[in-house]
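Data block below; observations after.
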2 protein chains.
Amino acid sequence: MTSSARSEDTPPTDPVGFETHDHASCIASAIAEAEAHCAREGLRFTPVRRKALEILLREHRALGAYEMLDALREAGFGSQPPVAYRALEFLVGNGFAHKIERLNAFIACAHPGANHSPAFMICRSCDSVAEAQATPARGALGDAARAAGFRIERTVVEAEGLCPACSEKAGT
Amino acid sequence: MTSSARSEDTPPTDPVGFETHDHASCIASAIAEAEAHCAREGLRFTPVRRKALEILLREHRALGAYEMLDALREAGFGSQPPVAYRALEFLVGNGFAHKIERLNAFIACAHPGANHSPAFMICRSCDSVAEAQATPARGALGDAARAAGFRIERTVVEAEGLCPACSEKAGT
DNA sequence: GCGCTACTTGTCATAGTATAACAGTTCGTG
DNA sequence: CACGAACTGTTATACTATGACAAGTAGCGC
């Protein structure tokens, strides 16, 4: 998984998304990680897939599939929806990106390599999205699933609300 | 509300959805509750809204908006998408139904009246959906939100996996 | 009862999201 | 080099959702 040793008991709680940071290096390292991961797994990190990940990383926000398609077309790739959907499917399937169900949009993974169940905070005012770690099996949902005999394979956890900046703007 | 006093610390873990139960009475009581709620709040529980809720309760599964539209048309209501979307908007807005983001579909609320943040378990094999209670402010997401200064207003919690029946069919 | 307002219903039109199916190409392997 | 698997691109189509406007209806003050 690339990312250096980190205890399962101390997941990072840094949201990564409501603060500025060194973008150029975060993009470069994310691409490098994806490349390394693909090499290890025998996956093909083709130009269109790499470009799609670059676009997500550069935008640093949730992009609709058709925004992605526009960007890919401008970069010289095909111009039909499946081009974007397939690249996104690859990225999501391999953990390099996530789909935000609430927005029908996609965002680069903020914790690449971590074996995580992502959780998202979505600002309803500015549409910014921050990624955190979820603990799916814990809490009421995990209890209910065990009680019902439901086998959880994947979780969608998305909180909608106001990010710090918009919260201030809105007063109090 | 109707549901009798219940401590915040002991949310019900009954999934309501992977088991059979007395449907006729559950439909009737849900409709009665909705009617009473609307009377109290000065909301208009019009024929098309009532029918939409009846349909959701009767089907007892997540319905796409266009399935709802078909059912409403058969019942003699309008046949254009806004008819269904507006009825669903009313039901969701007033807590009588929920939208399952993962499926782009709608389901009757299984805990009507309860002041809840719903969580859902979605079977990827048979598409059945069970509703449980979430505890949004607790857990890693709540911690991350507080650390980031994000104000949560609403949460989407959806677990995807195998329901007991499909899990058995699939073998162990 | 009359007229007012707010709300609701229904329609047409259009925007946005997503996938099926097939042809041509490229990659890795035997 | 021949082969199969995977990838890219295309056309066509299906599914999901909303804006805008006209007509009807309920509730309210007078």
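Naming convention: chains lettered A, B, ... in sequence-line order (proteins, then strands); numbering from 1 in each chain.
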Would you find more than 12 non-hydrogen atoms of other residues, nucleotides or ligands less than 6.0 Å from R58(A) atom CZ? no
Rounded to whole Å, how long is the line connecting atom [atom1] of [X] with atom [atom2] of [N]?
| X | N | atom1 | atom2 | answer |
| --- | --- | --- | --- | --- |
| E89(A) | dC7(D) | CD | C1' | 12 Å |
| F77(A) | dC7(D) | CZ | C1' | 13 Å |
| L69(B) | dT18(D) | CG | P | 14 Å |
| D70(A) | dT17(C) | CG | C1' | 13 Å |
| L88(B) | dT18(D) | CG | C1' | 14 Å |
| R73(A) | dT10(D) | CZ | C1' | 14 Å |
| L43(B) | dA26(D) | CG | P | 17 Å |
| Y85(A) | dT10(D) | OH | C1' | 17 Å |

First of K99(A) and R44(A) reached from the 5' end of DNA chain C, by closest nucleotide: K99(A)
Quick check: is L91(B) connected to L63(B) through a chain of hydrophobic side chains (ILVMFWY, heavy atoms under 4.5 Å apart)? yes
State which of [options] makes the closest approach to the side chain of [X].
| X | options | answer |
| --- | --- | --- |
| V48(B) | dA13(C), dG9(D), dT9(C) | dT9(C) |
| P82(A) | dT18(D), dT17(C), dA20(C) | dA20(C) |
| T46(A) | dC12(C), dT18(D), dT8(D) | dT8(D) |
| R49(A) | dG10(C), dT18(D), dT8(D) | dT8(D) |
| F106(B) | dG10(C), dA17(D), dA18(C) | dA17(D) |

Less than 3.5 Å between a donor and an acceptor, one on the side chain of Y66(A) and one on the base of dA15(C), is that the case here? no
Would you say a side-chain N or O of N104(A) is under 4.0 Å from OP1 or OP2 of dG16(C)? no
When you measure from the side-chain N and O atoms of Q80(B) to the phosphate of dG10(C), is any distance below 4.0 Å, counting only OP1 and OP2? no
5′-ward residue of the pair A105(B)/R86(B) relative to DNA chain D: A105(B)
Taking the side chain as everything from C-beta on, heavy atoms only, tell me whether C38(B) gets closer than 4.5 Å to F96(B). yes
Taking the six-membered ring for Trp and the single ring otherwise, decide whether the centroids of F45(B) and H37(B) are under 6.0 Å apart. no
Would you check if the distance from the ring center of F120(A) to the ring center of H98(A) is below 6.0 Å? yes
